[in-house]
**Student:** 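Handing you this structure, nothing more for now.
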Amino acid sequence: MGRNRLAGGMMTILVTGATGNVGRNVVDLLLRAGVEVRATSRDPAALDLPAEVDVRRADLTEPETFAQAFQGVEKIFLYNQPAGIDGVLSAAKAAGVRYVVLLSSLAAAGRDPDHWIARWHLAVEHAIERSGLQWTFVRPGAFAVNSLLWAPDIKQGRPVRLHYAQSYLSSIHERDIAEVSTCALLQEGHAGARYHLSGGDSITQAEQVALIGKAIGRELEIEDVTGDDVRAELRERFAPRLRELIREGVISPSDPPGIIETRVRYYLEALDGPAEIDGTVERVLGKPARTFAEWAVDHRADFTN
Ligand SMILES: NC(=O)c1ccc[n+]([C@@H]2O[C@H](COP(=O)([O-])OP(=O)(O)OC[C@H]3O[C@@H](n4cnc5c(N)ncnc54)[C@H](OP(=O)(O)O)[C@@H]3O)[C@@H](O)[C@H]2O)c1
């Protein structure tokens, strides 16, 4: 494929979060399209990217680390980090960046605008809207990679503990999020769009486990965890992250019980039946979103020893 040129030379796109599930795929897709790719990480030594990627150290919470990284960059794929966002956007503008594609979240569009995840993403969306840069907000729902949480049980042959096993999810493949993001970076016509993305199907968690079993050629057992057992497990699972958020001032020390209850409420609502499949992936890419079965096959290795 030919190099992607703008008047005056090669287009350089900077990918933040390049070690992430989505960012890593964005790097691959941009390279395939013939774009010059620059990638940032807080720990570039740990980055395992193709040699042609120009890797720089930068931290979104320290905007000054981006002054150099943005030089000569036309567009950026941005990981969501409110701390330092105004400084990062000023540095981007000063360096001549003109377009941002933000990895946001469906929570930003949700009915719980006061939930920390919504506030966390809306803070960055609003800063970008104020910045004068052009933008696309990519707002995915639940990532299919969240299912990697089940990998230890599956690998060790234990029943997979599922919170409300019969609740429905429309989990999205990280490759679809990356493809939509790459389209927005490379093609005209996506400025000002807020893309709400879901997966290609809406199935129960129990069905998701069965599909992982099918992909790895083994029937898997599940254990359905409900009610206060879910609350207790969520309290334990979320504790480190919630402590971090309290330390960073994102949530207050009295917020955690409400955050756990909101999660339980989402599970209970999702027992009602399959969610509607959002057609945005298909509208943008011209092909349907990948199904969970496809994700499970792509991730077979993550569930086998
Ligand atoms: N999981 C879900 O269901 C879901 C749903 C909707 C939206 N989201 C959103 O999607 C994002 C996660 O995406 P992902 O799974 O692709 O990421 P990930 O695999 O969790 O990786 C996070 C990436 O962000 C980078 N990063 C983190 N803090 C940074 C900082 N201060 N400065 C610079 N880079 C930083 C990390 O880079 P280095 O460590 O190399 O610096 C890493 O590459 C989150 O914003 C999340 O809220 C997730």
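Note that ligands are numbered from 1 as they come in the structure, with each ligand's atoms numbered from 1 the same way.
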**Student:** Taking the six-membered ring for Trp and the full ring for Phe, Tyr or His, determine whether the centres of Y195 and H190 are under 6.0 Å apart.
**Tutor:**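 For Y195 and H190, the ring centres are under 6.0 Å apart.
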**Student:** Does a side-chain N-to-carboxylate-O contact under 4.0 Å join E179 and K287?
**Tutor:**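 The answer is yes: the pair qualifies as a salt bridge.
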**Student:** Find out whether the Lys NZ or Arg CZ of R241 is both under 6.0 angstrom from the six-membered ring centre of W120 and within 45° of the ring's axis.
**Tutor:**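 Ring-cation test returns yes.
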**Student:** Just by distance, do the side chain of R175 and the backbone of V22 share a donor-acceptor pair under 3.5 Å?
**Tutor:**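 No, the answer is negative, given that no donor and acceptor are paired below the 3.5 Å cut-off.
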**Student:** Charged N to carboxylate O under 4.0 angstrom, E52 versus R38?
**Tutor:**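 A salt bridge is absent here (no side-chain N lies under 4.0 Å from a carboxylate O).
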**Student:** So, are R24 and D48 salt-bridged, with charged N and O less than 4.0 Å apart?
**Tutor:**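 Not counted as a salt bridge, because no side-chain N and carboxylate O are separated by less than 4.0 Å.
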**Student:** Are any protein N/O atoms closer than 3.5 Å to the N/O atoms of ligand 1? If there are, list each pair with names and the distance to one decimal place.
**Tutor:**
residue	atom	partner	partner atom	Å
ligand 1	1 (N)	N146	OD1	3.0
ligand 1	3 (O)	F143	N	2.9
ligand 1	3 (O)	N146	ND2	2.8
ligand 1	15 (O)	N21	ND2	2.8
ligand 1	16 (O)	N21	N	3.1
ligand 1	16 (O)	V22	N	2.9
ligand 1	19 (O)	N21	N	3.0
ligand 1	19 (O)	N21	ND2	3.1
ligand 1	28 (N)	R42	NH1	3.3
ligand 1	31 (N)	D59	OD1	2.9
ligand 1	32 (N)	D59	OD1	3.4
ligand 1	32 (N)	L60	N	2.8
ligand 1	37 (O)	T19	OG1	3.3
ligand 1	39 (O)	R42	NH2	2.7
ligand 1	40 (O)	T19	OG1	2.9
ligand 1	40 (O)	S41	OG	2.5
ligand 1	41 (O)	R42	N	2.7
ligand 1	41 (O)	R42	NE	2.8
ligand 1	43 (O)	G17	O	3.2
ligand 1	43 (O)	T19	N	3.3
ligand 1	43 (O)	T19	OG1	2.5
ligand 1	43 (O)	G20	N	3.0
ligand 1	47 (O)	H121	NE2	2.9

